[in-house]
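Here the structure comes first, spelled out in structure tokens, and everything after it is commentary.
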Amino acid sequence: MAAHLSYGRVNLNILREAARKELREFLDKCAGSKAIVWDEYLTGPFGLIAQYSLLKEHEVEKMFTLKSGRLPSADVKNIIFFVRPRLELMDIIAQNIFSEDKLHPARDFHILFVPRRSMLCEQRLKEQGVLGSFVNIDEYILDLIPFDGDLLSMEYESAFRECYLENDQTSLYHTAKGLMTLQALYGTIPQIFGKGDCARHVANMMLRMKREFAGTQNQILPVFDTLLLLDRNVDLLTPLATQLTYEGLIDEIYGINNGYVRLPPEKFAQKKQGEGSKDLPTEPKKLQLNSAEELYAEIRDKNFNAVGAALSKKAKIISAAFEERHNAKTVGEIKQFVSQLPHMQAARSSLANHTSVAELIKDITTSEAFFDNLTVEQEFMTGVDTDKVNTYIEDCIAQKDPLIKILRLVSMQSVCNNGLKPKVLDYYKREILQTYGYEHILTLNNLEKAGLLKPQAGSRNNYPTIRKTLKLWMEDANEQNPNDISYVYSGYAPLSIRLTQVLARPGWRSIEEVLKMLPGPHFEERQQLPSGLHKKRQQGENRTTLVFFLGGVTYAEIAALRFLSQMEDSGMEYIIATTKLINGTTWVKSLMDRPESQIP
Amino acid sequence: MAFITANWNPLGDAFYRKTELYEMFWSLRDGLRDSLIAAAPYGGPIALLREPLRRSPSTRPQLEIYSASGVSITSFPWKSGPVVYLGWSVNDELLCVQEDGTVLIYDLFGSFKRHFSMGQEVVQSQVLEAKVFHSPYGTGVAIVTGSSRFTLATNIEDLKLRRLPEVPGLQGRPSCWAVLTQDRQTKVLVSSGPELYVLDNTSCTAVYPPGLSPQAGSIVHMSVSFSYKYLALFTETGRLWTGLSNLQERLSEVDTKQAATPRQMVWCRRPRSQQPSVVLMWDRLLLVVGSCNDTIQFPLEDQSVLVGELDGVRIISSSSQELLQEVPLVCQDIFKIASMAPGALLLEAHREYEKSSQKADEYLREIKEQNVLGDAVRQCVEAAAHEYDPDTQKALMRAASFGKCFLTEFSPDQFVTTCRELRVLNAVRESSVGMPLTHTQYPALMTLQVLIDRLVYRQFYPLAIEVCRYLKIPDYQGVSRVLKHWASCKVQQKDLTDEAIARAVCAKVGDSPGVSYSDIAAKAYECGRPELAIKLLDFEARSGQQVPLLLKMKRSQLALSKAVESGDTDLVYTVVTYLKNEMNRGDFFMTLRNQPVALSLYRQFCKLQEPQTLKDLYNQDDDHQELGNFYVTSSYRDKRLEGRLAQLQSAVDEYNKAKNDFAAKATEEEMRLLRFQRKLDDEKGAGLLGLSLQATMEALMSLGLHKQAEQLYRDFRVPDKRYWWLKLKSLAEKEQWEELEKFSKSKKSPIGYLAFVEVCMKNNNRHEAKKYVSKVTPEQKVKAHLAVGDLEGAADAAIERKNEAEMGAVLSRCSASDRLLMDKLNRARVTAAKK
């Protein structure tokens with residue numbers, strides 16, 4: 001089921017297997033038939049660890065979604081709540097238990113906290129008078145979930161918001177714990193680099209935890225050579241820009257959730273031969289997106305403008321392969337052809353799917369609106385007229401374009417200009433409040449706190465310096481045969497990835513000046529390895545770096561890192577981890593506050 | 001070496017030997033007379049209470065505790081009531097059963113631990129006799145009272161008293177009794193006059209030992225074997241009956257020809273015993289009676305005590321201690337005179353070899369010829385394990401090692417482990433340590449863990465650490481555990497200062513894995529040394545571990561900062577909740593103020609759970625911006641407009657205080673807008689309340705209330721551009737084309753005229769759209785023409801502007817029917833390109 005996790009340089013399937021084992025062990029603790037009551041948010045991430053079949057093997061007969069009121073009836077011995085440690089969920093659970101039918105034979109209750117049990121929640125259950133009803137209270141430490149052969153995510157949605165708006169570092173604690181788990185499985189990571197306050201905090205916790213666990217030292221040859229911790233707020237610009245890779249665009253337009261995307265069904269009508277395909281499906285088409293699909297692995301990280309060519313090339317190869325049958329003369333040849341058939345058919349349907357997806361996206365990317373938006377983004381990134389009110393944004397507001405689009409653009413302008421002139425900023429804010437409603441004053445305040453919007457202080461705009469030093473803008477980005485990471489944004493090279501690239505070669509010392517301009521400290525730490533575990537590197541063997549984005553990472557950034565891994569002379573392979581896979585929209589959304597009016 | 005069999009005594013076809021373990025360290029003035037004595041099995045400690053029943057308060061009896069070798073561990077005057085019985089628990093705790101049924105428990109060092117009672121009624125009837133016994137459930141106590149009733153407690157750790165049924169006809173002291181554990185049940189076997197009864201929880205059953213001669217008379221002494229499997233009964237006529245303790249089978253019956261009741265009677269067996277025996281002791285005689293009717297007699301010079309062991313009997317007298325046991329078969333094989341066993345030959349070969357005699361080769365050849373060299377080595381190793389004398393052990397091991405040289409592919413494991421085990425055993429047998437464990441007792445019933453625990457318990461820390469290191473036990477289970485115990489003990493030393501102890505502990509423990517400083521600190525706190533506890537906590541690496549103890553010690557501030565340090569937010573929450581309940585509000589807030597991380601977490605908590613507290617927190621910090629936001633948020637919760645306005649007014653005040661002019665003004669505007677909306681809703685039922693300004697204007701326009709819309713536009717200084725867009729769209733949607741035209745002429749359009757063209761087209765009115773094409777700026781002309789579908793116009797405009805790109809754009813819209821136009825454009829393009 002998860003073979004694609006083990007293809008990469010680091011076998012992430014080990015992590016998944018460890019997680020599955022723990023899940024099985026917990027389920028077996030509750031003997032007899034069971035029903036799981038899900039905190040809905042968890043079902044997606046859990047799907048990546050275990051399918052229903054695994055649960056079924058362990059006598060899970062029913063699954064419900066956690067909601068207040070009475071639990072649905074189910075003739076099972078155990079009711080297990082799978083929840084995040086949140087107080088509001090505890091109240092719902094308490095309600096569930098109170099409204100349990102007293103006449104029924106008593107069912108055993110269990111609670112499984114993901115990713116960690118919380119005294120605060122247990123206290124709440126106690127106050128509600130239901131703590132004693134639980135036979136088992138346990139935790140399921142699911143911090144880092146393998147999404148792909150080189151990608152781990154905690155799917156901790158509010159991480160950025162908590163860290164930068166609320167000064168709540170819970171997510172960082174989980175991050176540090178997750179990294180400890182990772183090190184337990186893949187060996188101590190000898191070198192840690194970081195940039196940003198959160199990165200510093202995580203590194204401190206890791207070093208502390210390592211001291212705490214001294215003695216239980218694992219004796220595993222380290223798989224990772226380096227860990228790079230990057231705060232999202234070191235690079236606020238990148239997620240704001242529209243991603244231009246295939247996968248990035250799918251995410252921007254339709255949103256990828258836990259490796260799945262739901263697409264409008266029209267283009268996926270089954271075209272059966274003979275039948276006229278009249279009835280179009282009405283359910284959204286659900287596609288799983290990961291490197292298990294050969295074609296997808298090939299095109300996901302390409303600039304969208306290069307996808308068409310790749311698809312047609314693939315189409316030719318596939319039809320050529322099907323033509324082979326005419327050449328198959330002997331029984332042996334036919335047999336061989338037939339044996340390849342399932343693979344070829346899968347390839348063909350994969351091609352059909354992605355051709356449809358590409359068409360859907362093309363409709364949007366060729367629209368004028370998309371083009372205009374992109375033009376403005378690129379103007380900002382290249383530093384054109386960033387210091388005055390932008391007419392395009394003004395027009396968009398007048399046209400009542402989606403608020404998030406406006407927020408993305410205004411934030412981008414602010415970031416690229418190291419803040420906006422107070423008059424300009426106030427003008428935008430006023431426009432937004434008048435058009436979209438006063439309640440967004442809270443959201444605007446949040447964006448200011450997070451540094452996405454800010455009034456220009458006396459200091460000079462250092463974005464141009466950063467842009468030049470790090471070569472964030474490449475005029476001649478080659479979208480078809482890229483030679484630089486800037487292809488992922490058709491010209492803009494993501495700052496976060498440039499930092500990663502420079503770290504590998506020639507090293508951060510060469511950009512001290514720029515690092516000082518970016519927020520938060522930068523640092524390097526070394527973790528002592530037990531003697532005998534020092535890696536003896538073979539000639540030409542690549543080093544492996546784990547890049548951890550605290551506060552989220554976009555698919556385009558991932559694509560850029562994969563590009564670096566594949567570059568022949570880079571000498572470095574990257575594994576990517578993050579608190580959450582984001583795009584500009586989901587990210588800005590997580591920073592919004594929307595009070596609901598209670599006036600009837 | 002030749003004399004090794006000197007102390008062997010034949011019994012049936014087996015041999016018994018008496019090995020001296022120690023010359024006792026103690027010097028007892030009155031020997032063992034008039035004393036209660038308890039010696040624990042497995043080489044456990046010995047307790048001695050002199051004249052236990054002496055009641056005069058002026059001279060209290062002395063309770064003394066010794067190691068098995070007689071080294072005094074402690075001694076103190078007995079201040080409680082008269083003691084009937086002393087016994088040791090499996091954990092080396094001393095149980096003192098008092099006459100009134102109270103059982104006092106002391107540790108090895110004589111410090112009182114706890115007590116319990118064997119029942120209220122015992123206070124009246126008094127305990128006549130008591131026994132401490134060991135079962136799989138732990139340590140138990142059985143008593144018989146003055147009213148001849150038995151009471152049992154099978155496990156003193158989990159005390160449940162069981163009063164057993166009455167024994168018919170029994171009055172006063174029974175002549176003898178014993179505790180049996182059978183079928184997971186604890187029973188009492190009691191002899192009353194001529195009868196023998198088994199007492200269990202509910203019944204009292206008369207039983208008859210099978211095959212006991214009718215003329216044997218009543219039973220006056222009984223003994224149960226170490227494993228509870230065998231029973232020995234001694235009758236008034238001097239007959240000794242042995243059999244299974246379930247009384248199903250007799251093993252033997254022997255006439256000892258002794259009329260007196262023995263003082264003590266103990267089974268002497270060993271695993272795979274050839275000739276089990278019962279040892280009986282009178283004042284001057286020790287008699288070993290085998291089931292084969294054979295006996296061995298030893299004279300006794302001194303009053304002694306017998307201690308039954310798994311594989312023999314220890315005989316403790318005031319001057320020495322001996323181990324009486326059946327000689328293990330393998331030792332017999334090797335040392336029996338003229339033995340030809342492989343081991344014996346090998347031992348001989350080695351002896352010759354050391355003498356550099358060629359006979360060595362002959363012996364060796366003989367063994368090799370029989371192909372039993374492997375067996376020979378194994379025998380020597382095994383025998384060495386059973387020998388107590390290090391010289392004998394060495395001789396045997398050397399022989400084994402010698403034999404091994406001639407073997408290929410012989411696993412050295414047994415040899416190596418035995419060497420190691422013997423070294424450890426010899427070390428603990430040292431009389432200064434005084435744990436005379438045999439090799440049989442050591443691994444079978446006593447794991448290495450237990451052995452180390454016992455060493456630790458006796459405070460032989462250096463030896464324990466040596467053993468751990470020598471046996472290469474992982475630090476986690478070995479050295480660290482020892483250090484932990486040591487440290488817990490160290491913190492109790494009253495004569496040292498906190499500083500000195502903390503330093504000593506830190507120096508020794510360092511950061512040994514698995515030693516929890518917080519556990520040590522907890523111990524220090526328990527002993528009433530909070531300052532020391534805090535000093536020790538400082539060494540704890542896991543801040544999470546420090547928190548619970550700090551809370552317990554009421555060092556809440558410190559607990560909070562440690563929790564923050566750990567990064568575990570849940571822990572921080574826990575401390576915060578704790579503090580909230582413990583402190584008054586003012587102090588609580590002040591405490592939080594010094595811990596920004598905790599404060600922000602608490603804010604988060606309040607945001608969801610206690611909005612009012614949140615307000616207080618902001619107030620305390622004079623955080624006016626957040627207070628403003630707070631009022632804004634809560635304004636939306638208000639169900640009435642007046643309420644909402646009041647909240648917003650508070651927000652304005654706060655924003656002003658925060659010097660956030662923008663927010664203050666925006667909020668004031670919102671209030672004005674709300675009032676306006678309410679007014680119009682009341683007047684016209686427009687349903688505007690809560691809409692944004694833009695949406696309000698839009699709604700007004702679609703209701704045809706243009707005047708009001710315009711009023712808003714002016715009042716709220718809406719930028720012209722946006723207002724024009726709004727009006728343009730609104731008019732077009734309502735198809736008020738005339739109005740639209742009028743509007744377009746009201747002044748120069750701030751949004752240009754292309755917008756007019758496009759909006760008209762969007763509302764499907766090409767005719768109206770065309771009206772505005774001419775007004776469009778030259779730059780947008782082409783676009784405008786294209787928008788209304790006027791290709792020629794577009795072409796002309798493009799050609800006029802000599803703009804290649806625009807020409808291209810027009811071209812791309814041309815179809816085959818526009819041949820002429822295309823040619824024209826292409827020509828123009830060529831000219832444009834030339835320039």
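Not measured: the values here are computed from a predicted model. Lettering follows sequence order; numbering is per chain, from 1.
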Report the C-alpha distance between A:Leu87 and B:Leu608 in whole Å, list the side-chain angles of each, state the deciding distance to 0.1 Å, and finish with yes or no for side chain to side chain contact (heavy atoms under 4.5 Å, CB included).
CA-CA 9 Å; A:Leu87 291 179; B:Leu608 296 167; 6.0 Å; no
Exercise: identify the closest heavy-atom pair between B:Leu601 and A:Thr170:
CD2-OG1, 4.4 Å
Can you tell me which portion of A:Met205 sits under 4.5 Å from chain B's heavy atoms? Options are side chain, backbone, both or neither.
side chain
Does a side-chain N-to-carboxylate-O contact under 4.0 Å join B:Lys721 and A:Glu394?
yes
Using non-hydrogen atoms only, which part of A:Arg430 is less than 4.5 Å away from chain B: side chain, backbone, both, or neither?
both
Is it the case that more than 12 heavy atoms not belonging to B:Lys665 sit under 6.0 Å from its NZ atom?
no
Name the region of A:Lys429, side chain, backbone, both or neither, that has any atom closer than 4.5 Å to a heavy atom of chain B.
both
Please flag which part of B:Asn629 lies under 4.5 Å from any non-hydrogen atom of chain A: side chain, backbone, both or neither.
both
Toward chain B, the part of A:Leu120 with a non-hydrogen atom under 4.5 Å:
both
Apply side-chain hydrogen bond (donor to acceptor under 3.5 Å, both in side chains) to A:Arg124 and B:Gln609, showing your working.
CA-CA 11 Å; A:Arg124 182 53 155 249; B:Gln609 306 289 333; 2.7 Å; yes
A side-chain contact here means heavy atoms from C-beta on lying under 4.5 Å apart; do B:Val632 and A:Tyr438 qualify?
yes
Does any backbone or side-chain atom of B:Leu648 lie under 4.5 Å from a heavy atom of chain A? Answer side chain, backbone, both or neither.
side chain
So what's closer than 4.5 Å to chain A heavy atoms on B:Tyr723: side chain, backbone, both or neither?
neither
Under the side chain to side chain donor-acceptor pair (under 3.5 Å) definition, can you give me all pairs with a residue in residues 570-579 of chain B, not counting sequence neighbours?
A:Ser118-B:Asp570
I'd like to know which of B:Lys729, B:Lys607, B:Arg603 tops the heavy-atom pair count under 4.5 Å against chain A.
B:Lys729
Among B:Thr667, B:Asp661, B:Val572, B:Asn660, residue most engaged with chain A (heavy-atom pairs, under 4.5 Å)
B:Thr667
Is chain B contacted by the side chain of A:Asn445, its backbone, both, or neither, given a heavy-atom distance below 4.5 Å?
side chain
Looking at CZ of B:Arg722 and CD1 of A:Ile397, how far apart are the two atoms once the value is rounded to the nearest 0.5 Å?
7.5 Å
Give, as side chain, backbone, both or neither, the part of B:Glu565 having an atom under 4.5 angstrom from any heavy atom of chain A.
both
Shortest non-hydrogen contact from A:Asp426 toward B:Phe662:
O-CE1, 3.5 Å
May I ask you to say whether B:Lys783 pairs ionically with A:Glu368, meaning some side-chain N is under 4.0 Å from a carboxylate O?
yes
Are a donor atom and an acceptor atom from the side chains of A:Gln434 and B:Arg717 found within less than 3.5 Å of each other?
no
Give the minimum heavy-atom separation between B:Thr569 and A:Gln169, together with the two atoms involved.
CG2-C, 4.1 Å
Under 4.5 Å heavy-atom distance to chain B, tell me which part of A:Arg117 shows up: side chain, backbone, both or neither.
backbone
Enclosure of A:Phe371 CZ (heavy-atom neighbours >12, cutoff 6.0 Å)
no
Looking only at heavy atoms, which two atoms of B:Pro719 and A:Glu431 are closest? And how far apart?
CG-OE2, 2.9 Å
Please classify the contact between A:Glu162 and chain B as side chain, backbone, both or neither, with a heavy-atom cut-off of under 4.5 Å.
neither
Minimum heavy-atom separation for B:Trp725 and A:Ala398, please, with both atom names.
CD1-CB, 3.6 Å
Taking NZ in A:Lys362 as the centre, count heavy atoms belonging to other residues, nucleotides or ligands within less than 6.0 Å. Is the count above 12?
no
Give the minimum heavy-atom separation between A:Leu433 and B:Ser692, together with the two atoms involved.
O-CB, 4.3 Å
